[in-house]
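Heads up: the structure comes next, in structure tokens.
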Amino acid sequence: MSTAILTGQPVPGSSIEGDLRSLGFDVRLASDAGDTGTLLAAVPADQRVAVVDARFVGHVHALRLGLTDPRFPVAAVPGAVSVQPAARRALSRAMAHESSAAGGVAIATENVADRIVTALDADGVDVHRPELGTLVAAVPADPQQRNEIRQAVSAVDDEAVRLRSAVKARDGFFTTHFISPYSRYIARWCARRGLTPNQVTTASLLTALIAAGCAATGTRAGFVAAGLLLLFSFVLDCVDGQIARYSLQYSTLGAWLDATFDRAKEYAYYAGLALGAARGGDDVWALALGAMILQTCRHVVDFSFNEANHDATANTSPTAALSDKLDSVGWTVWVRRMIVLPIGERWAMIAVLTALTTPRITLYALLIGCAFAATYTTAGRVLRSLTRKAQRTDRAAKALADLTDSGPLAELLTRFTRGVASLGPAYVAFVAGALVVLGAALAPYGSWWPVLGAVIYVLLSPVALARPLKGPLDWLVPPIYRAAEYGTVLVLAAEAEVNGALPAAFGLVAAVAYHHYDTVYRIRGNAGAPPHWLVRAIGGHEGRTLLVVVLAALLTAAQFKVALTVLAVAVALLVLVESIRFWVSSGAPAVHDEGEPA
């Protein structure tokens, strides 16, 4: 249990002690700063501790935001401060500073909690101060001010504010207008009954997997049920995040589940559509795999661009200024959010088309929509990158290098690519990727010409490691490598023309894509890339691409199918075991991913 130390003389009629207990705190009373220091020292070092002024007046949700959010080691609102175990040493220094200052130096603030916050600020500690909006949190100086603050508290319904804040501030049109108006109430219902975000996330995954199973039946009734269940899965997907925001139940495991399950649900559903179509005599595995590749590459574009630019200095562009101007006009905001086919619109389209048409039509529509969205967003980002004057940081360059997923062959050859890198990593990567994909596409199955393209691809792949990726278009390198690797697997499996080759390729790409998503979320959680041994063990993008091309040249089509299956299982086992070990360990970052619109 967390401990809250209530400092100062109790105020008759105050509800602060009961409010703190309702938030899960064990409340202890301290009459002055000396008592506060003594009580703080008695609290176990592995517990969260809060210091709250007894005169505090405000909304319970303001206290909740300031004292219970697990994402921040130190957080504060006026009259209250909360410190997690990781920052207890800083709190001890602040208390020592406060005691010293109280002995002879005038302090501007009058309560112990605010004096602690002032000392923490002076010590360079990052103190999170949540945006309270219309919520009230204050320490009145006299009875008259106390009455005025109480009236301000009564004028605002903090439960209504809490319910509104459970919904993401920025979301797609379909989610905002067709899901969130009622899903927030489902989230509150779940939270009040003790259901956790992780439980709802798991229910959403199971629902989507059942939907994929219904689609796999290949019957009209199965397709209708699949569409309805997919929509219900999306509602649950919104609810889990809303529970987390409503009750501040952010967790390490929740971040991982929320970040990865969306992709697992969507890609499993693609496989369900392909299985259902096969029952009706229509082979759409190539379309399903193409949809997965396109969607994954879209996400890698998003991640790479954001990582390259979120902390860049002098980050201005006429294109960005125009985009900001368009966002100031109400109707353009929704149009621009819809045309990128975010997850809400995309899943709604998939669900409706599944119920009313065929898997082939559904996947064709998905490919066309995602291709348009990818072209629109990527073109805009290229224009921004070419027109902006920005200096990217070493952190951004390292993140991009990690996202390339370069393996031992690329590392070995880096010493020979200094001159090549000066041509521009994005351009070289594009040429290398085009060579390997076109080589596989233009030659018949079993030909050795694709191997030549793959060798050139390997020789040019180290360009991402030759110098820091700080150029205007260097953020394109990771998605280009993703498209090249995935596209090569798709082409070779399609050319094999044997039952099971494309499903095996689907499994391999899914396993590798999971590894790439896992890399992204680790970087976004400031935990760094996956361990070097894992990247080496699964070969890096260049090693896997070369291996698949050589296998296609050496093996018969039937043998190639088996090889793809074995490779898919091996990669999946390695990346899943390491990913699960990391995300459930105490060393994983305590973050909550708000999700990306795509």
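Source: prediction; values computed, not measured.
- Side chain of Glu542 to backbone of Gly407: a donor-acceptor contact under 3.5 angstrom is found.
- When all heavy atoms of Ala504 and Leu564 are compared, the pair lying nearest together is CB-CB, 3.9 Å.
- One N or O on the side chain of Arg279 and one on the backbone of Ala216 form a donor-acceptor pair closer than 3.5 Å.
- Using a 4.5 Å cut-off on side-chain heavy atoms (C-beta onward), Lys265 and Phe234 make no contact.
- Proximity of Leu502 to Leu490: side-chain heavy atoms (C-beta onward) are separated by under 4.5 Å at one or more points.
- Ring to ring, Phe506 and Tyr270 are not that close: their centroids are 6.0 angstrom or more apart.
- Between the CG atom in Leu403 and the CH2 atom in Trp475 there is a gap of 13.0 Å [rounded to 0.5 Å].
- For the atom pair Cys370 SG and Arg346 CZ, the distance stands at 5.5 Å (nearest 0.5 Å).
- Checking side-chain atoms of Arg220 against main-chain N and O of Thr357 turns up a donor-acceptor pair under 3.5 Å.
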| message | Let's go through Val200 and Ile186 carefully: what are the C-alpha distance in whole Å and the side-chain angles of both, what is the deciding distance for side chain to side chain contact (heavy atoms under 4.5 Å, CB included) to 0.1 Å, and is it a yes or a no? | response | CA-CA 11 Å; Val200 176; Ile186 300 176; over 6 Å; no

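- Two residues are said to be in side-chain contact when any heavy atoms from C-beta on lie closer than 4.5 Å; Asp262 and Asp237 meet this criterion.
- Summarising the geometry, atom CG belonging to Leu546 is positioned 7.0 Å from atom CG belonging to Leu409; distances are rounded to the nearest 0.5 Å.
- Summarising the geometry of Leu469 relative to Ala401, their closest heavy-atom pair is CD1-N, 3.9 Å, with the distance given to 0.1 Å.
- In the model, Thr296 has no side-chain atom that pairs as donor or acceptor with a side-chain atom of Tyr486 under 3.5 Å.
- For the side-chain contact (heavy atoms from CB on, under 4.5 Å) with Thr545, the lone residue among Val489, Val458, Val436, Val437 that qualifies is Val436.
- The distance from the CG atom of Leu341 to the CG atom of Leu366 is 7.0 Å, given to the nearest 0.5 Å.
- Ring-plane geometry between His177 and Phe173 is classed as tilted, the angle between the planes lying from 30 to 60 degrees on a 0 to 90 degree scale.
- Side chain of Ser585 to main chain of Phe582: a donor-acceptor pair is present (N/O by atom type, distance under 3.5 Å, no hydrogens or angles).
- Asp69 has its side chain out of reach of Leu65: every pair of non-hydrogen atoms, C-beta onward, lies at least 4.5 Å apart.
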| Test log, rule side chain to side chain contact (heavy atoms under 4.5 Å, CB included), inputs Tyr514 and Asp518 | CA-CA 6 Å; Tyr514 177 86; Asp518 187 55; 4.3 Å; yes

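- Side chain of Arg544 to main chain of Ile538: a donor-acceptor pair is present (N/O by atom type, distance under 3.5 Å, no hydrogens or angles).
- Tested against Glu159 for a side chain to side chain donor-acceptor pair (under 3.5 Å), the candidates Arg164, Arg188, His61 yield a single pass: Arg188.
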| request: Might you work through the side chain to side chain contact (heavy atoms under 4.5 Å, CB included) test for Val535 and Asp405, ending with a clear yes or no? | output: CA-CA 7 Å; Val535 179; Asp405 191 33; 3.5 Å; yes

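- For the pair Tyr521/Arg524, a side-chain contact is recorded, criterion being any heavy-atom separation below 4.5 Å from C-beta on.
- Counting heavy atoms from C-beta outward, Ser304 and Val300 have side chains that approach closer than 4.5 Å.
- Not one N or O on the side chain of Asp258 forms a donor-acceptor pair closer than 3.5 Å with the backbone of Gly254.
- Under a cut-off of 6.0 angstrom, the local environment of CZ in Phe232 is sparse, with at most 12 non-hydrogen atoms contributed by other residues, nucleotides or ligands.
- A donor-acceptor contact shorter than 3.5 Å links the side chain of Ser233 to the backbone of Ser204.
- Counted within 6.0 Å of CH2 on Trp448, heavy atoms from surrounding residues, nucleotides or ligands total more than 12; the atom is thus considered enclosed.
- Between Asp302 and Arg381, at least one side-chain nitrogen of the basic residue sits less than 4.0 Å from a carboxylate oxygen of the acidic one, meeting the salt-bridge criterion.
- For an aromatic pair to be called close, the ring centres must be under 6.0 Å apart, and His541 with Tyr457 satisfies this.
- Between Leu534 and His515, the closest side-chain pair of non-hydrogen atoms falls below 4.5 Å.
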| request: Kindly determine whether Val382 and Leu476 satisfy side chain to side chain contact (heavy atoms under 4.5 Å, CB included), including the steps that lead there. | output: CA-CA 9 Å; Val382 168; Leu476 283 169; 4.2 Å; yes

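- Contact check for Glu266 versus Met292: no side-chain heavy atoms found under the 4.5 Å cut-off.
- Remark: side-chain polar atoms of Gln242 are paired, donor with acceptor, to backbone N or O of Arg184 under 3.5 angstrom.
- Smallest separation of non-hydrogen atoms from Ile179 and Cys238: CG2-SG, 3.7 Å.
- With rounding to the nearest 0.5 Å, the separation of CG in Asn198 from OG in Ser251 is 4.5 Å.
- The backbone N or O of Ala529 sits nowhere less than 3.5 Å from a side-chain atom of Arg522 that would complete a donor-acceptor pair.
- Annotation for Val477 and Ala429: closest pair CG1-CB, 4.4 Å, computed over non-hydrogen atoms.
- One distance of note links CG of Leu273 with CZ of Arg360; it measures 12.0 Å at 0.5 Å rounding.
- Ala277 and Val284 get closest at one heavy-atom pair: CB-CG2, 3.6 Å.
- By the neighbour-count criterion of 12 heavy atoms within 6.0 Å, atom CG of Asp282 is densely surrounded, having more than that number from other residues, nucleotides or ligands.
- The aromatic rings of His299 and Tyr517 stand perpendicular to each other, their planes meeting at an angle above 60°, with 30° marking the opposite boundary.
- Closest non-hydrogen pair, Leu363 versus Ala291, comes out as CD2-CB, 4.5 Å.
- Formation of a donor-acceptor pair under 3.5 Å by the Thr354 side chain with backbone atoms of Phe223 is not found in this model.
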